[in-house]
There are 2 protein chains.
Amino acid sequence: MKDNNDMPGHLARRFQQIAVAVFLAEVGEAGFDLTPVQYAALATIKANPGLDQVTLAGLIAYDRTTITGVVDRLVQKGLAERRASSRDRRARELEITDEGRRVLRKITPAVESAQAIMLRGLSAKEGEELMRLLRKAIAAGNELSRAPLREIQA
Amino acid sequence: MKDNNDMPGHLARRFQQIAVAVFLAEVGEAGFDLTPVQYAALATIKANPGLDQVTLAGLIAYDRTTITGVVDRLVQKGLAERRASSRDRRARELEITDEGRRVLRKITPAVESAQAIMLRGLSAKEGEELMRLLRKAIAAGNELSRAPLREIQA
DNA sequence: CGATATTGATCAGTATACTGACTATCAGTA
DNA sequence: TACTGATAGTCAGTATACTGATCAATATCG
């Protein structure tokens, strides 16, 4: 009979569980209160000023119903702003605030440290290989989740 | 600047997201309504009859507060039973029902198929290597989450 | 132009996960 | 035995994620 440890799904869940715990611990010790999801969203808003929520969701592969709450919390913390779009009155344009920029800058060392801790059981080479295999598996399965990754249209 | 695709945490989240979607799709097509978490819990109850909830949580690395709800739903679906323990009046002993056994048996092909689909972008060798690296990273980070894996004490 | 389809955002509902607190019970020790 | 600490389970609260529905606005095509 198959063990849990032979199930990629179980290993995926477990690795993600640890990754989130490590991220929260490192960021918390640095004095910030930001989740992995909020961090990714904020960094993506900074890199793509004025993008709408659907585009943001596509860039980080979040469900569009999840993004609503994530952006709510970023706005509530004063890290991002949500404005009505002038081109499309359905859409909301997202901008990072000065405070958001400051937090992103200060939080970076903790985030990098967290990424290292997640892989601390692996050699540098193994860490690279793990990421390569994850990227490959993810690319092949991209369309299988409700929230696939979407590039920005040129 | 670091891309999301260079962050093991982001890749972990994305891979898990796809894994859950694939599991639910395969199991759903087979006519069953069981989540990955519920499946793992049920299979573990079957393999360890009479275990209590804390032991169950340890065997699959779930938080003990999460287990309460998961077992609630298994009981509600008639797949498992929760009994008061005779040895320890705080504890609840868990048992799989005949229906639970039946579901577990019938659902296995869909579960195995899901595991294969998650890795469809990888060769057999790469899939093995991905699982090996995940196991290694997880083992090193086991104590970093609130819900570490715990073996049964002999 | 107008009917239709699509899209952006949100909402209600459900299921993980976690934090922190609480009760009941058990175990070990002074 | 009485006190203390640990443990099993649950609960309230918060944050992802998803399904499916709805509403407003835009796009498309006959």
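Chain letters run A, B, ... following the sequence lines, proteins first and then strands; every chain starts at 1.
In this model, a side-chain donor or acceptor of B:Arg90 finds a partner on the base of D:dT7 within 3.5 Å.
Closest to the side chain of B:Thr66, out of C:dG20, C:dT16, C:dT10, is C:dT16. The side chain of A:Val37 lies closest to D:dT16, out of D:dC18, D:dG9, D:dT16. Among the nucleotides C:dA21, D:dA8, C:dG8, the one closest to any side-chain atom of A:Asp88 is C:dG8. Proximity note for B:Arg73 (side chain, C-beta onward) versus C:dA15, C:dT10, D:dA25: the nearest is C:dA15. Taking only side-chain atoms of B:Asp52, from C-beta outward, the nucleotide of D:dG9, D:dA21, D:dA17 with the closest atom is D:dG9. When the nucleotides D:dT19, D:dA8, C:dA17 are ranked by their closest atom to the side chain of A:Arg13, C:dA17 comes out on top.
Proximity of B:Thr35 to the phosphate of C:dT16: a side-chain N or O atom is located under 4.0 Å from OP1 or OP2. Under 4.0 angstrom from either OP1 or OP2 of D:dT7 there lies no side-chain N or O belonging to B:Gln53. Of the side-chain N and O atoms in A:Arg89, one or more sit less than 4.0 angstrom from OP1 or OP2 of D:dT26. The phosphate of C:dC18 (OP1 or OP2) has a side-chain N or O of A:Gln17 nearer than 4.0 angstrom. At least one side-chain nitrogen or oxygen of B:Gln38 sits closer than 4.0 Å to the OP1 or OP2 atom of C:dT16. Between A:Arg92 and C:dT10 there is a side-chain N or O to OP1 or OP2 distance below 4.0 Å. Contact check, B:Arg82 against D:dT10: a side-chain N or O comes under 4.0 Å of OP1 or OP2.
When heavy atoms are screened at a 4.0 angstrom cut-off, B:Ala21 is found touching no nucleic acid atom at all.
Nucleotide C:dT19 has D:dA12 as its partner under the Watson-Crick or G-U criteria, with both atom distances under 3.5 Å.
Salt bridge B:Arg83/B:Glu81: present, at least one basic N to carboxylate O contact under 4.0 Å.
Taking CG of B:Leu122 as the reference point, atom CD of B:Glu128 lies at 11.0 Å (rounded to 0.5 Å).
Between the side chain of B:Asn142 and the backbone N or O of B:Pro148, no donor-acceptor pair lies under 3.5 Å.
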- Message: Pair B:Glu143, B:Arg150 - check salt bridge (charged side-chain N to carboxylate O under 4.0 Å, His left out), show working.
- Response: CA-CA 10 Å; B:Glu143 301 304 322; B:Arg150 297 281 180 232; 3.1 Å; yes
